Structure formats: C-alpha cells, structure tokens
Number of protein chains: 2
Amino acid sequence: VIPCAILTIGSEVLDGRVTDTNSQDIALFLEEFGGQVISKISCDDDIEAIVAALRFVTPNARLVIVSGGLGPTSDDLTREALSSYLGDPLVRLPEVLEELARRYTARGREFLEINKKQADIPSSTLILPNCAGTAPGFVSHRPELSIFCLPGVPSELRVMLQESVAPHLLQLGIQKASQYTFRVFGLPESVVAARVSQLLDNHPLKLSYRSHFPEVQVKITQLTPGADLDDSLLSKIRTVIGPEYVFSQGVSAPSLEQVIGNLLKEQQLTLCVAESCTGGLISKTLTDEPGASSYFLGGFITYNNELKEKLLGVRKETLEKFGAVSAEVAIEMACGAQSYSHSSLAMSVTGIAGPDGGSPGKPVGTFFVGLSTAYESMSYEFSFASSRGRIRRFSTYKTLDLLRRRLLGLTVPE
Amino acid sequence: VIPCAILTIGSEVLDGRVTDTNSQDIALFLEEFGGQVISKISCDDDIEAIVAALRFVTPNARLVIVSGGLGPTSDDLTREALSSYLGDPLVRLPEVLEELARRYTARGREFLEINKKQADIPSSTLILPNCAGTAPGFVSHRPELSIFCLPGVPSELRVMLQESVAPHLLQLGIQKASQYTFRVFGLPESVVAARVSQLLDNHPLKLSYRSHFPEVQVKITQLTPGADLDDSLLSKIRTVIGPEYVFSQGVSAPSLEQVIGNLLKEQQLTLCVAESCTGGLISKTLTDEPGASSYFLGGFITYNNELKEKLLGVRKETLEKFGAVSAEVAIEMACGAQSYSHSSLAMSVTGIAGPDGGSPGKPVGTFFVGLSTAYESMSYEFSFASSRGRIRRFSTYKTLDLLRRRLLGLTVPE
C-alpha cells in the first residue's frame with residue numbers, strides 16, 4: 001500500500017462554493033494503483049499556505065497530487081509555491097510557450113503577457129501535457145516522493161490523471177491494481193457487508209462499500225501488485241450476496257438503466273411507462289442512456305386523475321373504489337400504457353411521495369408498481385417511509401429492478 | 001472576518017467512497033457568521049493524525065469544526081484525540097449516559113457496553129446535544145480558540161450546526177451576517193460577475209458566485225457585523241444583472257420550479273408538458289416540488305414518432321416534411337398536450353441530446369420549445385452544443401424559464 005496525500009487549492013473549495021469532487025476523483029484514481037490516501041488538505045491560493053500544507057503531508061506520503069492554482073491570473077500561485085517548497089527556481093520552457101500561443105490562437109483568444117506564466121515550471125520538474133485545456137501540469141520526482149501538480153478544472157483533471165499521471169506511476173513501478181465492482185439493489189449495506197466480509201477474511205484484498213442511494217456498490221481491489229482477481233472468488237462473492245440482488249458486475253459495472261436497455265435490445269422488446277408519484281423520474285432515468293429510443297417508446301405522466309382516465313383508460317369506478325394509489329389502478333395504468341403504445345411491456349407506478357397525502361391505511365411511502373404485457377398484467381405493493389426525494393428515487397429503482405427481474409425470469413422479493 | 005478551519009474525519013472521505021459534502025455544509029454555515037475557512041483537512045480515524053491536523057490548523061484559526069469519529073465503535077477516536085490534544089482526560093457524563101440508554105431503548109436497540117463511550121467528553125468541554133441522532137457533540141472554548149466536535153452523519157451535522165453550534169457562536173459575540181442570494185439563468189457567470197463587481201467595488205461586502213449549471217447564483221454577505229444589507233443596493237444589483245434574468249432572489253431564494261409553481265398557483269393556471277429529448281426531466285423537475293399536483297396535470301413523453309402522432313396528434317406530414325426536431329413539431333406537440341389535457345398552458349420540447357443523431361443543418365444541441373394555450377401557440381429555436389446530460393439540463397431550464405417569462409409578461413431573449 002502506497003501512502004498518498006491530496007492537496008486541492010482554491011478559495012472556491014474552501015468557502016463551499018463548489019463541492020470538492022476533484023479530491024474524490026483523485027482518491028479513486030490512486031486506489032486503482034493500490035494507493036491509500038492518508039491526508040487531504042485544501043488551502044487558499046497562497047504561497048505560504050501551500051508550502052505549509054506540503055510540509056505537513058510529505059513526511060508520510062510517497063505520492064502527492066496537487067490540483068488547482070495553475071491558471072494564468074495573479075491568484076494562481078501553485079507554481080511559485082512548488083518552486084519555494086522544492087528550493088528550485090522557475091524556468092520558462094520555450095516549447096511550452098509556443099504550444100500555449102498556438103492553443104490560445106486556435107481558440108480565438110489573444111495570448112497575453114500574463115498567460116506566459118503558464119509555461120513556467122520549477123527547473124527540476126517535468127512537464128505533464130494537458131490535452132483537455134491550456135495549462136500544463138508538472139511533476140517532481142525525488143527519491144521516495146513524487147509530487148504531481150494538475151489543473152483544478154475537473155474535466156481537465158480527470159483526463160490528465162489517466163493520460164499524464166498514470167504513465168509516470170507505471171515508470172515508478174507502481175502497477176494498476178485489479179478492481180471489480182458489484183452493484184446491488186434491494187439489500188441494506190450492512191447486510192451486504194456482513195455477507196461479503198465473512199468470505200474475504202483471509203484474502204489480500206481491499207473491500208470498499210459505497211452507498212449510492214438506493215444501491216450499494218461493493219468494490220474489490222487486489223492488493224498484491226500485478227496479480228489478477230480470482231474468478232472463482234468473484235463468483236463466490238456473487239453467490240454470497242445473493243445473485244438476484246446483483247444487477248450488474250464487472251471492471252466497470254453498468255448502471256441499472258444500461259442493464260435494462262441491454263436486456264430489452266437483446267430480447268427485441270419495447271417499453272412504455274406510466275408514472276404518477278415518480279413524476280417523470282423513471283422515464284428520465286431510462287433516457288439518460290443514449291440510444292434509448294430503440295427500446296423506449298415513451299411515457300405517460302398522469303399526475304391528475306382525469307388524465308389517468310383519459311390517457312390510460314383507468315376506470316372512474318376503479319379510482320373511486322380503490323383510490324388512485326392502489327394495486328388496481330397500478331394495473332389499469334400499465335394495461336392502458338401497453339395497449340395504447342403497443343409496447344411489448346409497460347411498467348406503472350402510483351404512490352404517495354409525501355410529505356402530505358398519507359393516511360393511516362396508506363402512509364407516505366406506500367407505492368404500487370404495475371407490469372403489463374399483451375397477455376397478462378400484475379401489480380406489487382411496497383412501502384418505504386422516507387423523504388419525498390428518497391421515496392421517488394427508491395420507487396424508480398424498485399420499478400426498474402422489477403422489470404430487470406421479469407426480463408431475467410427471476411422472482412420478485414418481498 | 002473570523003479565520004476558521006474544518007476537519008473531516010473518516011476513511012470514507014479519504015478514499016473517495018463518499019463525496020465530502022459535510023465540509024461544504026460547514027463552510028456555508030460559517031460564512032453565515034462572517035467566518036472564512038482558511039484550511040480544510042481530512043484524515044483517518046487515528047489519534048495521532050487527528051492531533052497533528054489540529055496542531056496544523058490551530059495557530060491560525062479561531063474556530064475549528066471537526067466532523068466524524070463520534071460513533072460507538074473502536075474506529076471512532078475523535079474523543080480520545082481531543083482529549084490528547086487538549087491535555088484533558090475524558091470523563092463519562094451520567095446524564096448523557098442516561099439519555100443515550102433512553103434513546104437506544106426507544107429505537108428498540110440494545111444499549112451495549114461499547115455504546116457507553118458516546119457519553120465520554122474531555123473534562124473541560126461542554127456537551128452539544130444532538131436531537132437528530134444518538135451521538136452528542138462537544139465544544140472546547142479557550143481564549144481565541146473554540147473547537148466544535150460534531151458527528152459525521154450529514155443529516156445530524158446539518159441540524160447540529162443550526163441548533164447547537166449557532167447559539168455558542170452568538171455567545172462568543174459572533175453575529176450572523178446578513179446574506180442575500182440572486183439566482184440567474186441565461187447569462188454566463190463571467191458576464192454576471194463583471195456586471196455585479198463594478199457596482200460593489202467600494203462596499204464592505206463579500207460577493208461569491210456559484211455556478212450550479214445551468215444557473216448562476218450570486219451571494220452577497222454583509223461583512224460589517226450586525227449591519228443589514230442595503231435595500232437600494234440590492235435593487236441596483238438586480239438592475240445591473242438584468243432583472244429579467246433574475247428568476248429568484250431573497251435570503252433563501254426559491255428554485256425555478258418553485259417560482260413557476262407559485263406563479264401558476266397565483267394565476268390559477270394549470271400546466272401540461274410534452275417532452276421528447278428531455279425524456280421526463282421537465283416533469284420530474286416540476287414534481288420535485290411537493291404540492292405540484294395543484295397545477296401540474298401531467299406529461300407526455302413521446303420519444304417515438306408514432307406516439308407523437310397518436311398521443312399528441314402531431315401530423316404524419318409535419319413529421320415527414322420538417323422532421324421530429326422542428327419548430328412545427330414543437331408547436332403541434334404543445335397544441336396536442338394542451339387540447340388533450342385541457343390545461344391552461346402546455347410546454348413542449350423536441351431536440352437532439354446526442355451524442356448521435358446530429359446533422360449539418362441540425363447539430364447535436366439543437367432544440368425547439370413549443371408553448372400553447374387554448375388561443376395561441378408558438379415555438380422557439382435554441383442551440384447548445386454540449387454533452388447529453390448538459391443539453392438535457394439546459395433545455396429543461398430553458399423551457400421552464402420561457403414559461404416563467406410568459407407568466408410574468410417578459411420578453412424571450414435570443
């Protein structure tokens with residue numbers, strides 16, 4: 001395990017204006033190489049503060065990744081700070097200067113005197129090309145300590161980690177660790193963790209759980225450099241979690257909407273959706289995926305009862321007798337969507353997302369999912385007491401997961 | 001300006017498993033009191049690391065907020081670290097112990113020996129009650145340095161900042177600063193910043209811009225303690241930004257969907273939506289708001305041309321002659337949605353979200369918005385070259401902002 005530190009620089013990170021996703025991206029990148037972040041610091045664009053932060057982290061870290069402060073303005077002081085920390089003067093690189101001038105001109109921007117400082121780096125460091133923006137980065141390699149300085153623009157940072165930092169790590173003999181992810185829906189994180197950890201007690205693996213509501217992600221990292229993950233172990237992990245709960249797995253495991261898209265394409269089926277309480281979230285999620293038009297015909301958002309009747313043919317008597325939030329209405333919504341659109345399958349959801357509208361018999365968080373084909377239709381009842389946003393997100397996942405189970409011929413739990 | 005530092009503790013923050021939103025919440029809270037974060041550190045649950053981090057930040061900070069490491073497990077070491085840093089033994093508070101036992105029992109959980117450590121605090125500190133969870137926090141007040149220790153659970157942290165930390169700050173004589181936010185859509189951040197900053201050059205105010213794509217938020221903080229923000233200045237700011245671009249303003253400025261909801265309710269109008277490229281995102285956004293059912297009737301997601309014809313009555317000839325992404329289809333979609341639902345207003349959007357599907361005449365990012373009432377209908381063309389996700393988000397805002405402008409009788413730009 002290689003001890004690492006992250007330094008993010010800029011007032012926008014300190015004062016809460018932006019969420020610091022850079023340090024998360026850097027940490028996940030370092031984990032791919034078996035790195036372990038032991039310290040993370042954010043400070044202002046201030047030479048003394050940056051130097052103090054470097055002095056604080058470097059006694060224990062072997063790799064330091066600094067992001068931010070490489071822009072052309074007088075606020076950007078990371079170059080000067082590194083020069084001071086390394087005791088190493090800044091030099092202006094003519095080939096970088098030329099490249100910068102070319103890029104500014106290509107973008108129709110004037111290349112001003114102030115922009116020239118972006119060609120300065122401490123004399124003992126190496127330039128790190130930035131193909132996603134103007135400011136290049138640089139790296140200082142000293143025995144047992146490498147410091148990478150990268151721009152703070154998230155899109156540039158992400159590209160540079162893979163394209164400029166990764167090759168240097170390989171040169172340092174730091175190999176990429178094998179990683180594998182299981183994405184799980186329908187079990188709490190504590191249950192997944194208890195099931196998996198008992199299996200992995202004696203393996204040189206790093207296990208990490210990430211709860212990205214309402215799914216749980218299990219990531220396995222091989223700690224032995226150069227070794228692959230054992231296939232039979234991966235299959236045991238799947239078994240112990242409960243295979244039907246693992247909706248996706250792999251080196252890069254696809255999302256639930258991608259899994260469904262692939263299943264529908266494979267089986268040459270089309271889908272239509274009728275939503276009430278989710279108000280469009282299911283359709284939005286399905287169409288996040290490019291190319292969804294090959295299987296997703298469309299959706300009906302019937303927030304209002306009259307539209308449920310008119311659009312989907314839900315009967316007035318059904319609404320009156322059972323209420324809009326009922327198994328019967330969920331079935332009629334799905335039937336209506338299917339027969340209207342001639343889709344192979346239709347899913348529907350009706351429920352109470354709150355915070356108001358609950359009753360003792362049907363509290364906030366009650367929802368019904370309907371499923372219909374040309375030959376059959378059915379409904380399922382669920383209950384998930386939480387906030388409006390979480391209820392909507394949970395019922396969307398539940399609906400999509402029911403569809404996934406149907407497409408795979410799995411049983412429906414609960 | 002009061003110099004502050006933030007310490008977030010836990011491996012999940014370091015290794016990238018979670019996005020560190022706690023430090024952002026803390027920074028925004030401190031800003032309300034005129035605090036300025038000068039340093040932010042994350043470290044592991046490790047006594048030495050926590051003490052080192054405290055020693056690093058305390059020479060310069062007057063307020064330190066620590067979050068995390070107050071749970072009941074052996075990993076949770078913030079109490080021990082503070083005891084070591086302050087040179088102050090831990091004491092077990094019987095009244096806290098009693099309260100903890102009561103809470104565990106009330107939640108049907110056993111109160112184990114291990115849980116008792118949550119009643120320990122360094123002897124010179126004061127307890128900070130936690131009404132949102134089990135673990136209380138504590139605060140150490142020394143001359144010129146107060147250290148607040150709070151739990152790492154985001155929902156508990158947010159409540160405790162307001163309910164337990166704020167009263168202590170007031171006791172320390174640190175007053176809440178007046179703050180005011182403008183939310184802007186339709187202008188780039190650089191333009192908004194240039195317009196506002198020229199106006200505020202000589203005022204003792206802190207200006208901060210937050211780009212929450214695709215809107216720009218301008219926050220004004222009064223730096224003179226106890227002073228209010230000047231109403232005439234606020235109105236000048238609105239004027240200089242361009243009043244029609246400011247969709248919301250105030251101490252807590254509502255979202256675009258809230259503004260639209262309020263306008264529709266005031267004017268007793270109802271809305272229906274027909275979406276193609278946004279695939280449900282507009283309806284989802286409108287129904288994020290509780291109570292949307294009083295003005296939002298529903299939506300049609302017609303991803304497929306056949307559904308555009310069948311559901312919305314878009315004519316086959318229109319689709320063939322102008323294509324699904326055209327002003328004519330946008331108008332017919334809005335007309336169809338309005339006449340079918342009998343809503344007062346209907347909005348529609350059809351476009352190319354990409355990454356595929358563009359053509360030289362209609363590149364990715366081209367979209368048309370339609371608006372229809374019982375008496376008239378019209379359409380607008382826009383172009384926004386970007387990624388699929390951003391195009392969908394931008395066209396959703398554009399559609400909602402067009403509706404806002406219509407409801408306010410404003411002109412439509414571009």
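Throughout, a chain's letter reflects where its sequence line sits, starting with A, and its residues are numbered from 1. Here the structure is a predicted model, which means the values were calculated and not measured. Just the heavy atoms: all of them, side chains too, but no hydrogens, waters or symmetry mates, feed the values below.
Closest non-hydrogen pair, Met333(A) versus Ala274(A), comes out as CE-O, 3.7 Å. Across all non-hydrogen atoms, the minimal contact from Ala324(B) to Lys308(B) is CB-NZ, 4.3 Å. Considering all non-hydrogen atoms of both residues, Arg17(A) and Ser11(A) come closest at NH2-OG, 3.1 Å. Closest of all the heavy-atom pairs between Ser339(B) and Lys310(A) is O-NZ, 4.4 Å. Shortest non-hydrogen contact noted between Val349(A) and Phe367(A) is CG2-CD1, 4.0 Å.
With a 4.5 angstrom heavy-atom cutoff, Ser293(B) touches chain A via backbone and side-chain atoms both. Using a 4.5 Å cut-off between heavy atoms, Asp15(B) contacts chain A through both its backbone and its side chain. Proximity to chain A (any heavy atom under 4.5 Å) is shown, for His212(B), by neither the backbone nor the side chain. For Thr278(A), the part sitting under 4.5 Å from any heavy atom of chain B is the backbone (N, CA, C, O) and nothing else. With a threshold of 4.5 angstrom between heavy atoms, Ala292(B) approaches chain A through its backbone and through its side chain. If you measure heavy-atom distances from Ala353(B) to chain A, you find no contacts under 4.5 Å at all. Contacts between Phe29(B) and chain A at a heavy-atom distance below 4.5 Å are absent for every atom of the residue. With a 4.5 Å cut-off on non-hydrogen atoms, Leu311(B) touches chain A through its backbone and its side chain both. Within the 4.5 angstrom heavy-atom criterion, atoms from both the backbone and the side chain of Val13(A) approach chain B.
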| How far apart are the C-alpha atoms of Leu207(A) and Ile220(A), what are their side-chain angles, what is the distance that settles it, and do they pass the side chain to side chain contact (heavy atoms under 4.5 Å, CB included) test? | CA-CA 5 Å; Leu207(A) 250 180; Ile220(A) 323 278; 3.6 Å; yes
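Checked by atom type, the side-chain pair Thr19(B)/Gln24(A) shows a donor-acceptor distance below 3.5 Å. Side chains of Gln179(A) and Thr221(A): a donor-acceptor N/O pair is present below 3.5 angstrom, by distance only. A donor-acceptor contact closer than 3.5 angstrom is absent between the side chains of Ser386(A) and Arg393(A).
If you tally non-hydrogen atom pairs under 4.5 Å between each of Ile38(B), Leu286(B), Asn305(B), Thr21(B) and chain A, the highest count goes to Ile38(B). Chain A forms the most heavy-atom pairs under 4.5 Å with one residue out of Pro290(B), Gly354(B), Ser276(B), and that residue is Pro290(B). Of the listed residues Ala27(B), Gly16(B), Cys4(B), the one with more heavy-atom pairs under 4.5 angstrom with chain A than any other is Gly16(B). The most heavy-atom pairs under 4.5 Å with chain B, out of Ala52(A), Ala5(A), Cys272(A), come from Ala52(A). The greatest number of non-hydrogen atom pairs below 4.5 Å with chain B, out of Ile6(A), Leu307(A), Asn60(A), is found for Leu307(A). The greatest number of non-hydrogen atom pairs below 4.5 Å with chain B, out of Leu14(A), Asn304(A), Leu28(A), is found for Leu14(A). Ranked by heavy-atom pairs under 4.5 Å with chain B, the list Tyr340(A), Tyr209(A), Phe296(A), Phe300(A) is led by Tyr340(A). Between chain B and the residues Ser208(A), Ser283(A), Gly299(A), Cys43(A), the largest count of heavy-atom pairs under 4.5 Å involves Gly299(A). In terms of heavy-atom pairs under 4.5 angstrom with chain B, the leader among Gly298(A), Gly291(A), Gly279(A), Gly35(A) is Gly279(A). In terms of non-hydrogen atom pairs under 4.5 Å with chain A, the most contact-rich of Thr8(B), Thr302(B), Asp288(B) is Asp288(B).
With contacts defined as side-chain heavy-atom distances shorter than 4.5 Å, the pair Lys206(B)/Gln36(B) does not qualify. Residues Leu271(A) and Leu297(A) fail the side-chain proximity criterion, which asks for heavy atoms closer than 4.5 Å.
No more than 12 heavy-atom neighbours from other residues, nucleotides or ligands sit within 6.0 angstrom of CD on Glu306(A).
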